[in-house]
**Q** 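Before I ask anything, here is the structure I am working with.
These figures come from a predicted structure and were not determined experimentally. We're numbering straight along the sequence, starting at 1.
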Amino acid sequence: MKRSLLSTLPILLFSILISCTTTKKEYVDIYASYPTSFTKLLQAHGGLEKWNSFNTLEFDLFNPEDSSQEHHIIDLKLRKDMVLGDSFKIGFNGKDVWVAPNKKAFSGKSARFYHNLFFYFFSIPYVLADPGVNYQEDTVSLSGQKFSCIMATFNAGVGDADKDFYKMVVDPQTKKLTSLLYTVTYYSGEAHERYNLLTYMDWQEIEGLQFPGKIAGYKYADGIVGEKRYEYLFKNVVLKKEAPPETLFTMPAEAEIDSLFKL
């Protein structure tokens, strides 16, 4: 015997109610653990949801001073990475940082310090949404002008330099990052407040996310912005849904490990 629509209506309504209730229970606010100011910064840059939907980031790092260029590849979930230079290759397999064909091929002070340095600078604020980061409202002085900023610090054991400080200066109108003050404690292991300054310029939209096309580093002391130290361009930025192959980060037989720096 066929049921009438009227007789089945209560069942349909009950099913819809249950479905809606289940959906609400499954919803998780990914911004719930962040302060409002940092949430607004993330959203102005495209949103954490979108950032989390990608597994691979690639970009070319160009130095206008000497016309050198590197290609960077990052596994965004496992945070393994690769830097391909003209005469060297640096890889991080999740445990060790290795250099091929040998450590001498990389002219910098420390390949372990360098391997994800520009990825980090390039990917702020997204990477500062990682677990183990703490936030507080602050102000900074830049050559006589006061600016609001968001200070980020790290829990013990997070990364190779958990005593680093970052201060993200945000444009009050666009809510985007304008500059970053940061300390370097990797070599000393001691917390300090001797900041360097980065300025962010030429924003480019990649897959709905905002990334700088250029950064410039400056000396900074006692609220005064000093001379420019360097400038880098980011080109050919690519985000991918698929993860890079695990074999990409495997240490070649001839490569050498660059250990964590210790005094």
Side-chain angles (χ1 to χ4, degrees), residues 51-63 68-133 152 154-164 166 180 182-189 198 206 209 211-212 215 217 230 232 234-263:
W51 168 255
N52 288 339
S53 71
F54 294 101
N55 288 286
T56 301
L57 170 65
E58 297 189 36
F59 59 83
D60 290 329
L61 180 71
F62 180 74
N63 183 346
S68 62
Q69 185 165 298
E70 300 169 353
H71 186 64
H72 292 237
I73 307 169
I74 302 97
D75 185 319
L76 294 176
K77 297 298 186 292
L78 300 179
R79 293 294 168 85
K80 299 179 180 182
D81 55 65
M82 172 78 68
V83 180
L84 302 170
D86 291 335
S87 59
F88 68 88
K89 184 187 293 185
I90 299 175
F92 176 58
N93 59 17
K95 177 186 176 184
D96 296 314
V97 173
W98 51 263
V99 189
N102 52 54
K103 287 197 289 186
K104 289 183 180 179
F106 176 65
S107 61
K109 188 174 180 180
S110 168
R112 187 171 182 108
F113 173 75
Y114 184 80
H115 76 98
N116 63 353
L117 178 68
F118 282 97
F119 158 63
Y120 219 76
F121 286 156
F122 181 67
S123 301
I124 288 174
Y126 316 114
V127 290
L128 288 180
D130 287 352
V133 183
F154 302 88
N155 291 343
V158 174
D160 286 346
D162 57 16
K163 293 183 175 63
D164 281 352
Y166 288 85
L180 176 77
Y182 67 94
T183 64
V184 177
T185 64
Y186 175 83
Y187 296 104
S188 68
L198 277 183
I206 310 295
L209 293 168
F211 295 97
I215 60 172
Y230 57 80
Y232 286 94
F234 297 95
K235 300 180 178 181
N236 304 316
V237 182
V238 177
L239 285 164
K240 298 178 182 178
K241 297 288 187 179
E242 63 269 26
E246 285 284 323
T247 53
L248 180 67
F249 309 106
T250 301
M251 179 176 166
E254 74 279 10
E256 294 180 345
I257 293 175
D258 190 43
S259 300
L260 182 65
F261 185 90
K262 292 181 180 180
L263 289 174

**Q** Is the count of non-hydrogen atoms from other residues, nucleotides or ligands lying under 6.0 Å from Lys89 atom NZ greater than 12?
**A** no
**Q** Do Val127 and Arg79 come close enough that some side-chain heavy atom pair is under 4.5 Å?
**A** yes
**Q** Do Val97 and Asn116 have side chains that get closer than 4.5 Å, going by heavy atoms?
**A** no
**Q** Are the side chain of Asp96 and the backbone of Ile257 linked by a donor-acceptor contact shorter than 3.5 Å?
**A** no
**Q** Out of curiosity, Leu61 CG to His72 NE2, how far, rounded to the nearest 0.5 Å?
**A** 4.5 Å
**Q** Give me the one residue out of Asp81, Asn55, Thr56 that meets side chain to side chain contact (heavy atoms under 4.5 Å, CB included) with Ile74.
**A** Asp81
**Q** Kindly compute the distance separating CZ (Phe106) from CD1 (Ile90), expressed to the nearest 0.5 Å.
**A** 4.5 Å
**Q** Counting the benzene-type ring for Trp, do Tyr126 and Phe211 have ring centres under 6.0 Å apart?
**A** yes
**Q** Ignoring hydrogens, what is the shortest heavy-atom contact between Tyr186 and Ser259? Give both atom names and the distance.
**A** OH-O, 4.1 Å
**Q** Check Glu256 with Lys104, please: is the shortest side-chain N to carboxylate O separation under 4.0 Å?
**A** no
**Q** Once you round to the nearest 0.5 Å, how far does CZ of Phe92 lie from NE2 of His115?
**A** 5.5 Å
**Q** Between atom OG of Ser107 and atom CZ of Phe88, what is the distance when rounded to the nearest 0.5 Å?
**A** 7.0 Å
**Q** Going from CE on Met82 to CG on Asn93, what distance comes out if it is rounded to the nearest 0.5 angstrom?
**A** 9.5 Å
**Q** Are any non-hydrogen side-chain atoms of Phe54 and Leu209 less than 4.5 angstrom apart?
**A** yes
**Q** Donor-acceptor pair, Lys77 side chain versus Asn52 backbone, under 3.5 Å?
**A** yes
**Q** Taking the six-membered ring for Trp, are Tyr230 and Phe118 parallel (under 30°), tilted (30 to 60°) or perpendicular (over 60°)?
**A** perpendicular
**Q** Measure centre to centre between the rings of Phe59 and Phe119, then say whether the value is under 6.0 Å.
**A** no
**Q** Can you measure from CD (Gln69) to OH (Tyr232) and round to the nearest 0.5 angstrom?
**A** 12.5 Å
**Q** Of the non-hydrogen atoms in Phe122 and Val237, which two are nearest, and what is the gap between them?
**A** CZ-CG2, 3.7 Å
**Q** Of Leu57, Val83, Val238, Leu248, which is the lone residue that meets side chain to side chain contact (heavy atoms under 4.5 Å, CB included) with Ile73?
**A** Leu248
**Q** What are the two closest heavy atoms between Lys80 and Gly94, and how far apart are they?
**A** CG-N, 3.8 Å
**Q** Which word best sums up how the rings of Tyr166 and Phe154 line up, parallel for under 30°, tilted for 30 to 60°, or perpendicular for over 60°?
**A** perpendicular
**Q** Measure across Gly217 and Leu198 and return the closest heavy-atom pair with its distance rounded to 0.1 Å.
**A** CA-CD2, 3.8 Å
**Q** Tell me the closest heavy-atom pair linking Ser53 and Lys241, and the distance in Å.
**A** OG-NZ, 3.1 Å
**Q** Indicate the atoms forming the closest heavy-atom contact of Ala105 with Ala100, along with that distance.
**A** CB-O, 4.2 Å
**Q** Side chains of Pro212 and Phe121, heavy atoms from C-beta outward: is any pair under 4.5 Å?
**A** no
**Q** For the NZ atom on Lys95, are there more than 12 heavy atoms of other groups (residues, nucleotides or ligands in this structure) within a distance under 6.0 Å?
**A** no
